[in-house]
Amino acid sequence: MSSYDGTADRGEARRVGYHAGWRDRRHMADRAVGEMVSKRIIVGYGFWIFLLSDIVMFSAFFATYAVLAGNTAGGPGGRELFDLRNVGIETACLLLSSFSCGVASIGAIARKGSWFYGGMTATLILGAAFLSIEVHEFVGMVAHGAGPTRSAFLSAFFSLVGCHGLHVTAGLLWLLTMMAQVFAKGYRADILRRMLCFSLFWHALDIIWVAVFTVVYLMGVAP
Amino acid sequence: MSHAEPERDSQYSDIAPGYGPGDEQKPVVALGGYLIGLGLATLLTIVSFFIARTTLVWQPSIPVALAVLVIAQMGVHLVFFLHITTGPDNVNNVMALAFGVLIVFLIIAGSLWITSHMNHNMMPMDQIMRMQR
């Protein structure tokens, strides 16, 4: 790197100057091409920043839940309310849908219709199954007098899990939009960028669900 | 700077998160990563659900085990589904992730820490009720 001897630096500079011909110019051009960032990378990076901000928002809901988890105000707690068999099915649905979403994104990049449409349809069915189980659980809890107004614990529970459910709903609408766009416009570069963002969104939802089923359900029923 | 440095740098442009290097290859090759991720995530999920209800282990260790398992599973999802790796083409993605994790940690740990102190200092509920009467 640096040299204590001034003459060595000058010698280096002279040698670089001597070579500053077509060879160096081509090298600089190669380097510029290497450092030029494609639109796909910028879009993916920007969406990654958005996802991280979404995760930061979820962390506030998690913090609220963790603080209020014990404040049941004499009402039912997690051990009475949560059915781990349901949660297991929900987790399986979301995990498999993450995989099928991966299949769909491979299919989009490789322009294989069967992979793309098959993966997207499987993701749609699994996501809808997850949502219907969750809605069924919520309706049952409200019917048994354990709605969000019952206690601080239940308010925090419904905000956190409901917020994730709303994200899944938005994701399903986005999924249908992506299928329609690929069907109508084909595997265009801009459509593929949107597909990249959608798959990132869907995988991030699964990561949040992993935290939800551990923090809310498993720790809620753990002795 | 040595002469070799710029040449090596030029190979490492950034890649988008969620876009694995395998995606440029045959779809079957790219599918392999997702299959590994699915297998590991399934394994960790099953262990989590088993640990939460088991009576085989020392009970106070269960929340710690669950915390370790959830962090491991998030890592599996990040690497195999979102393709966030430690490669030199992923430095920006990892730096953004590290900042996000810092903020998440501050919010959750800070909230728990502060409220536990406030709970500790709070007057017992029956005394508050008596004063309001």
Side-chain angles (χ1 to χ4, degrees), chain A residues 1 27 30-31 33-38 40-45 47-49 51-53 55-56 58-60 62-64 66-67 84 87-88 91-92 95-96 98-99 101-103 105-107 109-110 112 115 196-197 199-200 203-204 206-207 210-211 213-215 217-219 221-223, chain B residues 1-2 6-7 9-19 23-24 26-27 30-31 33-35 37-38 41-42 44-45 48-49 51-53 55 59 62-63 66-67 69-70 73-74 77-78 80-82 84 92-93 96-97 99-101 103-112 115-116:
Chain A
M1 295 295 274
H27 176 75
D30 281 352
R31 202 178 164 188
V33 168
E35 291 189 349
M36 199 114 78
V37 179
S38 77
R40 194 193 70 229
I41 290 162
I42 296 170
V43 168
Y45 187 64
F47 199 73
W48 179 230
I49 302 280
L51 286 177
L52 287 168
S53 74
I55 287 171
V56 166
F58 265 105
S59 78
F62 272 108
T64 312
V67 164
L84 279 197
V87 180
T91 307
L95 185 56
L96 284 173
S98 226
F99 176 74
C101 180
V103 173
S105 60
I106 295 172
I109 293 164
K112 286 180 104 174
W115 285 48
L196 171 71
C197 290
S199 67
L200 285 172
H203 294 315
D206 201 16
I207 290 186
V210 170
F213 84 67
T214 304
V215 172
Y217 292 102
L218 295 185
M219 289 188 178
V221 299
Chain B
M1 282 285 166
S2 66
E7 280 165 24
D9 275 346
S10 64
Q11 294 170 5
Y12 296 148
S13 60
D14 289 355
I15 66 167
Y19 205 85
D23 290 351
E24 300 288 359
K26 284 182 178 159
L31 190 64
Y34 286 100
L35 274 174
L38 181 67
T42 308
L44 289 165
T45 304
S48 290
F49 274 79
I51 286 281
R53 280 179 295 183
T55 48
Q59 300 300 303
I62 287 177
L66 286 175
L69 285 164
V70 72
Q73 190 168 350
M74 284 175 169
H77 280 251
L78 280 174
F80 292 102
F81 292 156
L82 286 147
I84 304 294
N92 286 330
N93 302 339
L97 174 67
F99 182 68
V101 169
I103 301 297
V104 167
F105 173 76
L106 287 179
I107 289 176
I108 293 180
S111 301
L112 285 173
T115 24
S116 72

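The sequence lines fix the lettering, A, B, ..., with proteins before strands; numbering per chain opens at 1.
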Output the distance between atom CG (B/L82) and atom CG (A/L51), rounded to the nearest 0.5 Å.
-> 7.5 Å
Which atom of A/V103 lies closest to which atom of B/L31, heavy atoms considered | CG2-CD1, 3.6 Å
Show the numbers, then the answer: is there a side-chain contact (heavy atoms from CB on, under 4.5 Å) between A/W48 and B/L97?
-> CA-CA 9 Å; A/W48 179 230; B/L97 174 67; 3.8 Å; yes
Applying a strict 4.5 Å limit to non-hydrogen atoms, the region of B/I51 in contact with chain A is neither
Might you work through the side-chain contact (heavy atoms from CB on, under 4.5 Å) test for B/V70 and A/V215, ending with a clear yes or no?
-> CA-CA 9 Å; B/V70 72; A/V215 172; 5.9 Å; no
For B/T45, the option from A/T91, A/V210, A/T214 that meets side chain to side chain contact (heavy atoms under 4.5 Å, CB included) = A/T91
Any side-chain heavy atom of A/D206 sitting closer than 4.5 Å to one from B/Q73?
-> no
Sort B/T42 into side chain, backbone, both or neither according to what part of it lies under 4.5 angstrom from a heavy atom of chain A.
-> both
Cut-off 4.5 Å, heavy atoms of chain B, and the answer for A/V43 is neither
Distance from A/L52 atom CG to B/N93 atom CG, nearest 0.5 Å?
-> 9.0 Å
Ring geometry between B/F81 and A/H203 (parallel below 30°, tilted from 30 to 60°, perpendicular above 60°) | parallel
Separation of B/F80 CZ from A/F99 CZ (nearest 0.5 Å) | 13.0 Å
Under 4.5 Å heavy-atom distance to chain A, tell me which part of B/L69 shows up: side chain, backbone, both or neither.
-> neither
A/I49 portion near chain B, given a 4.5 angstrom heavy-atom threshold = side chain
Atom of B/A52, atom of A/L218 and distance for their closest heavy-atom approach = CB-CD2, 3.7 Å
Which is it for A/F62 and B/V104 under the side-chain contact (heavy atoms from CB on, under 4.5 Å) test, yes or no, and what are the steps along the way?
-> CA-CA 10 Å; A/F62 272 108; B/V104 167; over 6 Å; no
Which answer fits A/F58, side chain, backbone, both or neither, if we ask what part of it has an atom under 4.5 Å from a heavy atom of chain B?
-> neither
Is chain A contacted by the side chain of B/S48, its backbone, both, or neither, given a heavy-atom distance below 4.5 Å?
-> both
